[in-house]
A.B. asks: 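Below you will find the structure I want to go over with you.
A, B, ... follow the sequence lines: proteins, then strands. Residue 1 opens every chain.
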There are 2 protein chains.
Amino acid sequence: MPQEAVAGSLANRVATQLQDAIVSGALDLGQALSEDSIADALDVSRTPVRQALQLLQARGLVQIRPKAGTYVFEPTVEQIAELTEFRVTLERQAALWAFERSRAASAKTLAQVVETMEQAIADRDMRAYGRADTAFHEVFFKGCDNSYLWNSYTFNFAQVAALRTHLAAYTEAEPLRSFEDHKAIRDIFDSGQASELEPILAPHILRTRENYTATLRQRQERLSESRIEQLRRALDPTSFSPKRGLESAPQREETQ
Amino acid sequence: MPQEAVAGSLANRVATQLQDAIVSGALDLGQALSEDSIADALDVSRTPVRQALQLLQARGLVQIRPKAGTYVFEPTVEQIAELTEFRVTLERQAALWAFERSRAASAKTLAQVVETMEQAIADRDMRAYGRADTAFHEVFFKGCDNSYLWNSYTFNFAQVAALRTHLAAYTEAEPLRSFEDHKAIRDIFDSGQASELEPILAPHILRTRENYTATLRQRQERLSESRIEQLRRALDPTSFSPKRGLESAPQREETQ
DNA sequence: GGCACCCTTCTTGTATACAAGATTTGCGTC
DNA sequence: GACGCAAATCTTGTATACAAGAAGGGTGCC
């Protein structure tokens with residue numbers, strides 16, 4: 001993995017490490033983070049940790065409750081819907097501008113990324129496909145030549161990346177469907193018209209919403225069931241039955 | 001002005017005060033800010049000041065140069081162009097959603113704001129008109145029912161508000177032209193169609209860009225001229241003539 | 001047994017002291 | 001007089017100590 005040379009101040013390094021941990025899934029959604037523990041774990045003082053956490057709060061990755069605690073963000077179904085909607089707005093515009101302003105360069109990069117995806121699918125390496133997916137959509141924001149749009153992207157879409165890791169439950173068919181979209185977009189950049197972008201891009205993004213929402217619902221059910229189980233066990237140990245409601249539920253071991 | 005009760009932590013209060021000072025024009029664009037001076041002036045320690053400055057940096061209102069200093073932002077012509085472009089993208093979407101989702105409430109508020117504007121014009125109170133202008137555009141973001149769009153608005157448009165104060169040079173005709181747009185938009189919300197919004201809103205916003213850019217260019221000329229004057233005075237005192245090139249040029253005294 | 005209250009503990013908020021880098025100013029030299 | 005170098009000063013970066021509020025657990029009362 002990257003972890004490359006790490007840039008600048010301690011605070012930035014801490015922020016990067018924390019963001020990586022959240023995006024990669026090493027830290028669970030909703031998990032409590034204490035400034036002290038992080039400072040100890042990373043062998044720095046609380047000052048840069050606080051700075052980092054404030055930055056991550058601005059990016060929507062953590063929530064700071066004054067005097068109470070700091071927690072990894074935990075999206076609701078509504079938030080996911082709003083984020084996706086917002087993403088469509090920004091990305092549609094970015095793609096359009098990239099098409100108008102950096103078409104040749106963007107087309108070239110998109111083609112390369114699509115090849116990477118092809119390889120990832122052949123290898124059945126879903127992690128590599130996810131990385132390529134991120135790279136694909138980044139092309140628009142890099143090529144659109146508007147720093148505010150780019151900032152908005154990096155700011156809000158750390159959440160998107162985290163959701164992908166935590167909530168993406170690719171079905172067998174899903175990556176192929178998504179891959180078709182990617183190829184279509186590549187072709188439009190190669191030899192199509194700008195007006196063809198929207199009818200592909202918008203549904204492409206909105207489809208991820210269903211995916212995340214479904215997973216989140218499952219996750220919430222699982223959590224509440226597990227809470228019920230715990231309660232039952234605690235309150236009425238004699239009648240406790242070991243039968244589990246969800247057999248296929250991946251057993252999430254406690255975060256490392 | 002507000003200054004109302006001020007919320008929460010010292011850091012937030014400091015951030016609010018600083019943002020107000022920048023937006024209102026009390027602090028000049030590009031002016032140097034030292035954490036120490038601010039802390040002394042506001043009678044707090046450097047810690048909350050640092051926090052506040054970092055927040056303001058995220059909002060694009062100040063620029064922190066590591067170990068060197070912190071400065072009020074100073075936009076370039078390109079930045080203004082990008083910001084305006086970005087604003088069109090966001091505001092067009094916000095207006096559309098507000099129209100679809102909160103049409104009645106939005107229409108009512110817009111009508112009220114337009115009345116306020118009418119009064120402001122009658123009173124020739126440009127400051128009141130500016131406030132109403134801000135309120136007018138806020139209606140879209142409040143009514144669009146998407147918290148990410150709203151966040152993006154509050155985050156990026158502190159700059160817009162600051163630009164309005166520092167760079168808006170309303171000509172005689174400009175506010176009337178702008179007012180016509182506002183009335184037209186009000187009417188569309190009252191009894192029009194969504195598709196009519198864009199042809200009015202986009203040019204309406206883009207027009208501000210020309211205004212700001214022109215003022216900025218003048219300002220830059222003025223500054224560089226004044227620098228030349230200063231140099232001339234310093235380097236060649238014998239031939240220095242007290243005649244000033246620009247009589248109304250604000251003499252930049254050193255930071256408070 | 002259930003409930004309210006208090007106290008303990010843990011969390012973040014703020015102040016201060018020190019460290020390290022960037023900038024500027026002044027001096028010395030050419 | 002102009003240029004280069006070095007020291008002094010000013011800036012932010014980091015560490016630590018203390019304060020204040022929130023949350024949870026335990027105890028006493030009803």
A.B. asks: State which residues pass side-chain hydrogen bond (donor to acceptor under 3.5 Å, both in side chains) with B:Ser34; sequence neighbours excluded, sorted by chain then number.
C.D. replies: B:Ser37
A.B. asks: Any base atoms under 4.0 Å from A:Leu53, or only sugar-phosphate, or nothing? Heavy atoms, all strands.
C.D. replies: nothing
A.B. asks: Could you list where the contact with chain A starts and ends along DNA chain C, reading 5' to 3', using a 4.0 Å heavy-atom cut-off?
C.D. replies: C:dT11 to C:dT14
A.B. asks: So what does B:Ser34 hit on the nucleic acid, given a heavy-atom distance under 4.0 Å: a base, only sugar-phosphate, or nothing?
C.D. replies: sugar-phosphate
A.B. asks: Where the side chain of B:Thr208 meets the backbone of B:Ile205, is there a donor-acceptor pair that is under 3.5 Å apart?
C.D. replies: yes
A.B. asks: For A:Pro66 and for A:Val44, find the nucleotide of DNA chain D with the closest heavy atom, then tell me which residue's nucleotide is more 5'.
C.D. replies: A:Val44
A.B. asks: Taking NZ, NE, NH1 and NH2 as the nitrogens, is one of them in B:Glu85 or A:Arg101 under 4.0 Å from a carboxylate oxygen of the other?
C.D. replies: yes
A.B. asks: If you assign each of B:Asp36 and A:Ala68 to its closest nucleotide in DNA chain D, which residue comes earlier from the 5' end?
C.D. replies: B:Asp36
A.B. asks: Rounded off to whole Å, could you give me the CZ-to-P distance for the B:Arg50 and D:dT11 pair?
C.D. replies: 14 Å
A.B. asks: Applying the side chain to side chain donor-acceptor pair (under 3.5 Å) test to A:Arg59, which of A:Gln54, A:Gln159, A:Gln19 qualifies?
C.D. replies: A:Gln19
A.B. asks: Could you work out, with side-chain hydrogen bond (donor to acceptor under 3.5 Å, both in side chains) as the rule, every residue matching A:Arg50, not counting sequence neighbours?
C.D. replies: A:Glu35
A.B. asks: Look only at the side chain of B:His166 and the backbone of B:Ile22, and say whether a donor-acceptor pair between them is shorter than 3.5 Å.
C.D. replies: yes
A.B. asks: Write down the distance between CZ (A:Arg65) and C1' (D:dA23), rounded to a whole number of angstrom.
C.D. replies: 9 Å
